[in-house]
Amino acid sequence: MRFMLLFSRQGKLRLQKWYVPLSDPQKKKISREVIQMVLARKPKMCSFLEWRDLKIVYKRYASLYFCCAVEDQENELITLEIIHRYVELLDKYFGSVCELDIIFNFEKAYYILDEFILGGEAQETSKKIVLKAIEQADMLQEVGPIYFMKAFSARWAI
Amino acid sequence: MALKIVKGSIDRMFDKNLQDLVRGIRNHKEDEAKYISTCIDEIKQELKQDNIAVKANAVCKLTYLQMLGYDISWAAFNIVEVMSSSKFTYKRIGYLAASQCFHEGTDVIMLTTNQIRKDLSSPNQYDTGVALTGLSCFVTPDLARDLANDIMTLMSHTKPYIRKKAVLIMYKVFLKYPESLRPAFPRLKEKLEDPDPGVQSAAVNVICELARRNPKNYLSLAPLFFKLMTSSTNNWVLIKIIKLFGALTPLEPRLGKKLIEPLTNLIHRLVITLHRASVEKNVCLIGLVLPIVCVCVCVSNAVLISLSSGMPNHSASIQTVPHCLYVSLVTVKYLGLLAMSKILKTHPKSVQSHKDLILQCLDDKDESIRLRALDLLYGMVSKKNLMEIVKKLMLHVDKAEGTTYRDELLTKIIDICSQSNYQYITNFEWYISILVELTRLEGTRHGHLIASQMLDVAIRVKAIRGFAVAQMAMLLDSGHLLTGNMQRNGICEVLYAAAWICGEFSEHLDDPMQTLEAMLRPKVASLPGHIQAVYVQNAAKLFATVLQKHEGATDSQAAQDTSQLLIERLPLFVQSANLEVQERASCILQLVKYIQKLQQKDVEVAEEVSALFAGELNPVAPKAQKKVPVPEGLDLDAWINEPPSESESEDEKPKAVFAKEEPKQSRARHIEVDEKELARRREARKQEQANNPFYIKSSPSSQKVYQDAPGVEHIPVVQIDLSVPLKVPGMPMSEQYLKLEEERRQKERADKKKKDKKKKKREKRGKGKRDDSGPESEEDITPAHQVDIVTEEMPENALPSDDDDKDPNDPHKALDIDLDKYVPSAENTLHKVTVCMLHAEKQGDLSITRHFLVFLVPLLVQKSLKNKKKKQKKEKDEKKKKKRHHHHHHHGDGGGGDSVQNGTVEEEEEEEPLPVSRFLPITEQKNTVYDIQGNLQDGSQVVVSVIFENKSNSFLKSMEFNVLDSLNSKLQRPEGASPHDGLVVPFQLPPGVSNEARFVFSVQSIVMPQKLKGTLTFIVKSEDSSTHEKLDFKLHFTCTSYLITTPCYSDAYAKLLESGDLKSSSLKLEGLNMPFHHLLARICFHHHFSVVERIDSCASMYSRSIQGHHVCLLVKTVSS
């Protein structure tokens, strides 16, 4: 996988992960292009796009687009499955996740992604193991700073 | 202290945290930029504070801003600070920020090496985890080199959590630092059988990625993967493995056979579920079927046939795929098309039956699907259906909305028609009509593409020129239609081709005068410059033709009228702003004026004028220039003259204001090339010019040269079947060709029947057949007129090069390392065996031994195997061919008559280097690579030369080399030294330096191979400390080491065998699957034999010991 982008219907980037090191202007250019292309597509179209020498696989969940760019030989269904798996993970972690969860806890979304995918390859296919690792790492994280408390109280107090 | 903490937390309360920032940004929608700039100022303040919590908070906010597109590279150093916090909370934030914004150009990355190393070895697995995750995003070649060892250790960490990450990140490390692949590979392989499924799948992932790029190096892993495939239940892993096999099977056909069973089982399982499952589920299942089908495609054809005929399951899956197309779910549709394109290669028929369905997909709203369908059509065309498919596509072109898709269609049509050298086109008139029709498209960008196709066809298909010229003349005549809005679209490029074709092949024109008139209309002046230039030039060509036509005719008025026309019209071009047009026009104008004068005197000029444009054109292959072999002794990189000094060139620069000076300078540089070379170049240039359709011929002489060149007479003579009207009046309509073609084919079929009955004159038909032979059914369709496509020319002695298409920048190229070959540089220098390089880390001597073993054992096994193999071969030979062959050990002067394994007795003379040993040495972070050579010397002495290379960053000194003597071999020490003393290596090694030391051994008997154990001790000196290190190694002396490669003639060899002085023995070895010539090469290289004679899979070999003992060897493969 080359990169993963999450963006809203308005084209606002919510999360970006690059598995190839690129400079900022390059990243910006690519994500702008990809977002434009994906947003231009109608709801009943298929989830795949060919773009340059890459395949763009995207899926829309509520107001968020999840979008991956993979190499040509990559299996697009696995990629779709990866996207879905990630959404499930977010869902489990945040408890019926919504766009705002990801906006306000964007670093958490990154941590989950990092536990799930490393260097562009899925590292763990078991949801349980990923969530366990995240939870344990969260436990380690000091609860000291007030703002982290604040961040979670809303979520965990239900 | 307490106060400070309190103060810190109070500070913090006033800080904005991430949530506040996000909220703030959302509340300041109108003046977001302003709000953020104040936030960044605050963050800058926060970063200045000592409190790490504040800093981390600031970095966290910056990470968010980075995502919004703000530059935060200025905070890189602060990010590193946060990364190195000891608290996981902050470390996590730091690494996240780093992974988001660091890239190869970030200079602070250098500072992180030690911090990352520390984190990697942290007792807390989550510290290690974040470090690995971060590293995977910003690893640079330097980091990869420095940390490769640390990560390699982590691959055997006790926690699967770490192991799995370490395995995955190794792939990134390999890409950045390819040298690490070899040492890491054994461990990676080990991980394929890791008890933890996560680690296992990570290892499968990495190896699949590696193997996909360079499959041949991973063939040896096939059995292991085979086992995994049959045992794994994880679909993710399964898909990866199947994909890997897809890459491997083309290299090893036997693998395909083995795969049939498990794959059919798998498909069977899937197909059953596929039939039952809901549509949603189908999606996932096709995901599995897809790679399987790919593998099946790769499996050799024979296997596939057995697959589809013998086992119904496979064809069932093929039938299932098209089903998907009826499902409205677009995703499935897309995948169905994708699967079909894979099946197409092997089962074209089963796909072609769904042609209508695929054509329907062209109407789909979704562009992705349309493009897929187009792709599929590209592969589906045959001689039979090309016209039909293209006709449908033309309809779509008319309907298509949006220029992008229309352009895509246009390029696809041209691609489809021109693929594999116009293989599928039976009627080029039809193709030209299609091209002409395409010019009527509005707003296409691909005028240039159409133009180049027109040129290509007109030049290469001689038979079509007449027709093409007529069409082009028509295009020129109606040029104003195209030029209507030409500035915006590129379609006027077509006129470029049209003008050139009309000019160049003007002899085919019916009414050159009219075309000439069309080319000189005032409107032409509004065309782009380069097209006008072609117009002017070709007007001159037409002029020549017109003159020729009218020459000799009684009334010379027509010719004079033409001259007058040119003289009237050309001044328009002389005034052109375009330099090229202006130059050509004024040149030609003067020429015409001169001709007019001559005409008035009734001088015949036509001959001379047309001589200006005489000569035949040949197409040149695009790669021809590249393939011209470099003549011997010519070094293209060498300076011809001394390069001008820096200052000089600087002085000259301002002078070169006029463009013209440039070529002069470069010409001056060439002056000193010797005459011969110059002549050759001139020749080549002329030829090139003559071959270049866009080059304006300078003088007729160049043509002459060209016509002498070989190749011209090979341009085939064209036969025209007159059953098809060559001229179609009016603008061409490609559709009529469909009908015509249909009629023609029918007629042909009828003819053929007749012919078959009479069995007459079959020869004629056979002669004209083209080289490419399609499937049998297609051969029935003969082209409308026998068209010989002139193949593109290549220079003589063109170098065959396969790697033309490889991208030199592909990072995976560096990873093309033959992992089975443990002795990488062995092949480079004969007599020199680089033994092994190993990067590992020392964690006590145990680990050294382990690494040592990992590498050494296979190496030694390989070596001893070979000995055994040889022996066994001999045995086998003995059995098979007792008479003819002997394996002998002749002991020169009757010395020691015992037959030895395969060595000889040693003594005496000669300093012949030979590979003696190999060993492996590693120090802490410093890797010392050793390279060993052995030497034989006078008496019973062996010289072992060892190359010490310091690959570490530290200084190595006080090296002492010691070997545990055996009864047979002793290290020669200076007099008075005890047999346990080491020898001091007479040099020190700064980082990166290598040096060679020689050690002399005295050897009693070389009849037996032997290993000597030894130790190297040395002091590692780094800036702040120095440690004493020890390194164990083995020296391995084999008997063949004492042989010297000596050539031998077959008659001398025969004499030797007849003499009966030789003793013999033989042996047989099984389970070798190396090609025979490789085997011979190995024996020759490793054991110093030379091949005397080789007949099929049997070879006689010869070698001599340093004492002059003859050793003869017969190697033979016997198929079981």
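Order of the sequence lines sets the chain letters (A, B, ...), proteins ahead of strands, with each chain counted from 1. Note: hydrogens, waters and symmetry copies are ignored here, and every other heavy atom, side chains too, is used.
- Within the model, atoms CG of A:Asp114 and CG of B:Leu132 stand 11.5 Å from one another, a figure rounded to the nearest 0.5 Å.
- Note on B:Arg92 versus A:Asp138: salt bridge recorded, some NZ/NE/NH1/NH2 to OD/OE distance being below 4.0 Å.
- With A:Lys27 contributing its side chain and B:Gly69 its backbone, the two residues share no donor-acceptor pair below 3.5 Å.
- Ranked by heavy-atom pairs shorter than 4.5 Å toward chain B, the options A:Ser126, A:Gly120, A:Ala122 are led by A:Ala122.
- Residue B:Ile169 holds its CD1 atom at 10.5 Å from CD of A:Gln123, rounded to the nearest 0.5 Å.
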Given side chain to side chain contact (heavy atoms under 4.5 Å, CB included), test A:Lys12 with B:Leu68 step by step and report yes or no.
CA-CA 8 Å; A:Lys12 285 238 163 149; B:Leu68 296 183; 5.6 Å; no
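- Remark: B:Ser99 OG to A:Trp18 CH2 distance equals 13.5 Å, nearest 0.5 Å.
- Looking at B:Arg23, both its backbone and its side chain come within 4.5 Å of chain A, counting heavy atoms on both sides.
- Between atom CG of residue B:Leu96 and atom NZ of residue A:Lys108 there is a gap of 10.5 Å, rounded to the nearest 0.5 Å.
- Across all non-hydrogen atoms, the minimal contact from A:Asp24 to B:Gln66 is OD1-NE2, 3.7 Å.
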Stepwise, does the side chain to side chain contact (heavy atoms under 4.5 Å, CB included) test hold for B:Arg372 with A:Phe48?
CA-CA 11 Å; B:Arg372 275 268 137 247; A:Phe48 316 115; over 6 Å; no
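- Judged purely by distance below 3.5 Å, without hydrogens or angles, the side chains of A:Tyr110 and B:Gln100 pair a donor atom with an acceptor atom.
- Atom SG of B:Cys60 sits about 5.0 Å away from atom CZ of A:Phe106, to the nearest 0.5 Å.
- Proximity to chain A is absent for every atom of B:Leu371, based on heavy atoms less than 4.5 angstrom apart.
- Closest approach of B:Ser368 to A:Arg41, counting heavy atoms only: OG-NH1, 3.4 Å.
- For B:Phe138, no part lies near chain A; criterion is any non-hydrogen pair under 4.5 Å.
- With a 4.5 Å cut-off on non-hydrogen atoms, A:Leu22 touches chain B through its backbone but not through its side chain.
- Side chains of A:Gln136 and B:Tyr126: a donor-acceptor N/O pair is present below 3.5 angstrom, by distance only.
- If you measure heavy-atom distances from A:Arg32 to chain B, you find no contacts under 4.5 Å at all.
- Side chains of A:Leu118 and B:Tyr171 form no contact here, defined as non-hydrogen atoms less than 4.5 Å apart.
- For chain B, the option among A:Gln16, A:Lys17, A:Glu124 with the highest count of heavy-atom pairs below 4.5 Å is A:Gln16.
- From A:Phe104, atom CZ reaches atom CZ of B:Arg26 across 5.5 Å, with rounding to the nearest 0.5 Å.
- Between A:Ala133 and B:Tyr161, the closest heavy-atom pair is CB-CE1, 3.6 Å.
- Both the backbone and the side chain of B:Lys165 come within contact range of chain A, each with at least one heavy atom under 4.5 Å from a heavy atom of that chain.
- With a threshold of 4.5 angstrom between heavy atoms, A:Leu100 approaches chain B through side-chain atoms but not through N, CA, C or O.
- Of the listed residues (B:Asn205, B:Val139, B:Val206), the one with the most heavy-atom contacts under 4.5 Å to chain A is B:Asn205.
- Heavy atoms of B:Ser73 lying under 4.5 Å from chain A are absent altogether.
- Residues A:Gly119 and B:Ser136 approach most closely at N-OG, 3.7 Å, considering heavy atoms.
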